[in-house]
Structures are given as C-alpha cells and as structure tokens.
A.B. asks: 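Dropping the structure in here first, questions after.
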Amino acid sequence: EKGSAPAIPVDPRFDIAYVTPVTIGTPPQTLYLDFDTGSSDLWVFSSHTLASQVRGQMIYSPEKSTTAKLLAGHTWSIRYGDGSGSLGNVYTDNFTVGGVTVTSQAVQTAQQVSTSFTSESDIHGLVGLGFSTLNTVYPNGQLTFFDNAKSQLDSPVFTADLKWKKEGTYDFGFIDETKYTGEITYLPVQTDPGYWTFTSSGYAVGDGSFNQVSISGIADTATSLTYLPTAVVTSYWRQVEGAVNSQYYGGYVFPCSSKLPSFTFGVGSANITIPGSYINYAQITEGSPTCFGGLQSSSGLGINIWGDVALKAAFVVFNGGNPPTIGWARK
Ligand SMILES: O=C(CNCCc1c[nH]c2ccccc12)Nc1scc(-c2ccccc2)c1C(=O)NCc1ccccc1
C-alpha cells in the first residue's frame, strides 16, 4: 500500500504550520491535522473539548462513529517546549490519510487545549510521527499512525516535501523520484528519546566558506522555525546589516528590506541550501518595517531543531526500517 496527501500552509503570509486532511471514523469525519515528526501523540479537537476552548476548529465526535471504541481507563496529557499543551481521553477508530487506512488507530480526543491551539482555527489537531516511545497515553502508550501503517506499506517510509508558501506533500510507503534532484544522502538516526535526531556535518553562510562542525538536532515538521547553536546563528545574522538579537521580541529581528544570505547545512558529504527568502519569516506585526528571523538560537531550548524553515528547502525521507535512517535531497 502507499499514499500521498497535501501539506497545506496554514497562513499563506507565513508558514507557521502545515495541515493535511484526514478522515476518522464511520461515516468518515474530515479534519485537517498538523503532521508532526517532533512528537508522537495523535490528538484532535473533539466533541469533548471545552466549548470555550474551541474557536472554529473542525471536531471529531466519537459518539457519531459506529467504529469508535473508548479505550477505557486511558488518558493523555502533553506539554510542548513552547509551553502549549493539551489533554484528554482516548478512542480507537478507523484513520485514513492519503488512501492509507489504519483500522484501530488510537485517536486522542482533547478535553482541554492551551490558548495557542484555540487561537489557531486551521489546526484541528496533530498527528505524531515521532517514535512511539514519546507517546503520552497512560497507563499504556499507543502507537503512531506510521508505526501502525508500516507493515501494510510497500516500504516502511514516509517523505516530507514541504514548500515555501505553497502546498507540498507527505507520501507514505514510497519515494517519489520526481520530487528531488541528485541523490538522497541517508544519515543514522538516534531514536532516544524518540525524535528523528541526526547529526549535520556543518554549515556555511551565503557563499562563505563551509564550517566543518557536528550539529546534532531533530527534524521537526511541526516547529515553524529552525533553532541552532548560538555560534552558528550569530555568524549568520552578523552578515545582515541592522540585525539584532532582541530580548523584547525573543530572537533575531532585522530590517524587512534586507536581502538575506542563504544558509547551507551539511548532510554527510552533501549539503542543503536554505534560500535567504525562507529566513525572512514574518513582519513582527502587520505592516512593520521590522521582520523576525527564521533562524534562531537554540541556547534556551536545550535542543537543536531543524524546523519547517530548513525542511522546506529539502526532500526528506523518514525511513522507519531497521535501523531507522533519515534521507536528505536537494530539490
Ligand atoms: O514539540 C515539538 C513538535 N510539536 C510542536 C507542536 C506545537 C506546539 N505549539 C504549536 C502551535 C501550532 C502548531 C503546532 C504546535 N517539537 C519539539 S521537540 C523539542 C521541543 C522543545 C523542547 C524544549 C524547549 C523547546 C522546544 C519541541 C517544541 O516544543 N517545538 C515547538 C516549539 C519550539 C520552539 C519554539 C516554539 C515552539
């Protein structure tokens, strides 16, 4: 089996996230979910979510699905690094994305969500594509959609082809050769604690010299920006006149009129180049002459995150084989 589904940017002004249509239950209920390689819970806005915390999101109503089954005595609660989070109960039901169906997928129904999720009416939940060890369901952890689907896929892989301000795709079970140029470079993945963690071989700013330095970080489709070590990020923004690391705005800001240099990162003996335009993330407020950078320091996080700003410059293969590996190609 194999499938393909669109990755639709939530806000065409700036790619804060990408959502993908899925159907849950019988008869099928359609929701648009954020596919997330940086976590492993599949949770949705639901008929159980506090009404005051729902603002236009589509919801999953298990009571309207003839195939929904409550996973009695199970609950979940997740907290993301940005302080956002959600919690609730668990059902199993039919879950389909891009034509691939898992018949008894654990679907975590939210009873409560934090304000950042309430305010994002285009995101109706998340589909965790990290390793199932990160799943928060208690007392028994549940498998991700990919772990459940793996055995029925032609190949135990999924790929991300995210695009700048345009619709991209997630493919399941196959690698579409038309989506990339040159070769795919595969790297080993550290699966502990459960992220797709790999080590980049270094970086270059614009057409400057390449700095050979190992940068261990996670490939995260649901983190908008890219967070790298301070030394790397400082050497990038030093090339931009007027760029400052603003305490007030919580990161590097710069004059929107700047022409930003590209950022190249090493993957084995190959490399991926992020065009400067991808690193001009957004005006700090509508109409402001000051813009917020898409490349920020990871020093406050304790982890380096290759988020959408980096991923959308590449074709990325998440290989769930034994051992798992991650593949990068230019496109
Ligand atoms: O959680 C995810 C992926 N799901 C995000 C879902 C989500 C959370 N608000 C959302 C809002 C909209 C859509 C999806 C989400 N990735 C990881 S791995 C490690 C960290 C981390 C650990 C410690 C400290 C910091 C990060 C994060 C993290 O918190 N990223 C979000 C972020 C990272 C930095 C800054 C802001 C956000």
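Bear in mind the structure is a predicted one, so any value in this text is a computation, not a measurement. Whatever order the structure lists ligands and atoms in, that order sets their numbers, starting from 1.
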A.B. asks: Applying the ring pair (Phe, Tyr, Trp, His ring centres under 6.0 Å) criterion to Trp328, which one of Tyr186, Phe265, Tyr180 satisfies it?
C.D. replies: Phe265
A.B. asks: Under 4.0 Å from ligand 1, counting heavy atoms only, is it the side chain of Asp34, its backbone, both or neither?
C.D. replies: side chain
A.B. asks: Any donor-acceptor pair under 3.5 Å linking the side-chain atoms of Asn319 with those of Thr325?
C.D. replies: yes
A.B. asks: Counting heavy atoms not belonging to Lys166, are there more than 12 under 6.0 Å from its NZ?
C.D. replies: no
A.B. asks: Would you tabulate the side-chain donor-acceptor contacts of residues 303-313 under 3.5 Å, counting partners in other chains and residues two or more places apart, or write 'none'?
C.D. replies:
residue : atom : partner : partner atom : Å
Asn304  : OD1  : Ser298  : OG           : 2.6
Asn304  : ND2  : Ser216  : O            : 2.9
Lys312  : NZ   : Asp15   : OD2          : 2.7

A.B. asks: Do any nitrogen or oxygen atoms of Asp36 come within less than 3.5 Å of a nitrogen or oxygen of ligand 1?
C.D. replies: yes
A.B. asks: How far is atom 11 (C) of ligand 1 from its nearest protein heavy atom, and which residue and atom name does that atom have?
C.D. replies: Phe117 CE2, 3.9 Å
A.B. asks: Short list, please: which atoms of ligand 1 are under 4.0 Å from a heavy atom of Ile218?
C.D. replies: 18 (S)
A.B. asks: Quick one: are Phe117 and Leu126 in side-chain contact, heavy atoms under 4.5 Å?
C.D. replies: yes
A.B. asks: With heavy atoms of Leu301 as the reference, note each atom of ligand 1 found under 4.0 Å away.
C.D. replies: 23 (C), 24 (C), 25 (C)
A.B. asks: Kindly say whether Ser46 contributes a backbone atom to a donor-acceptor pair with the side chain of Gln57 at under 3.5 angstrom?
C.D. replies: no
A.B. asks: How does Leu225 reach ligand 1, by side chain, by backbone, by both or by neither, if only non-hydrogen atoms under 4.0 Å count?
C.D. replies: neither
A.B. asks: Leu126 heavy atoms, cut-off 4.0 Å: which ligand 1 atoms fall inside?
C.D. replies: 6 (C)
A.B. asks: Nearest protein heavy atom to atom 30 (N) of ligand 1, by residue and atom, and its distance?
C.D. replies: Thr223 OG1, 2.9 Å
A.B. asks: Any N or O of Ser116 that comes nearer than 3.5 Å to an N or O of ligand 1?
C.D. replies: no
A.B. asks: Checking the N or O distance criterion of under 3.5 Å, is ligand 1 in contact with Asp82?
C.D. replies: yes
A.B. asks: For ligand 1, which atoms, with element, lie under 4.0 Å from some heavy atom of Ser84?
C.D. replies: 8 (C), 9 (N)
A.B. asks: Can you say whether the rings of Trp196 and Phe146 are parallel (under 30°), tilted (30 to 60°) or perpendicular (over 60°)?
C.D. replies: tilted
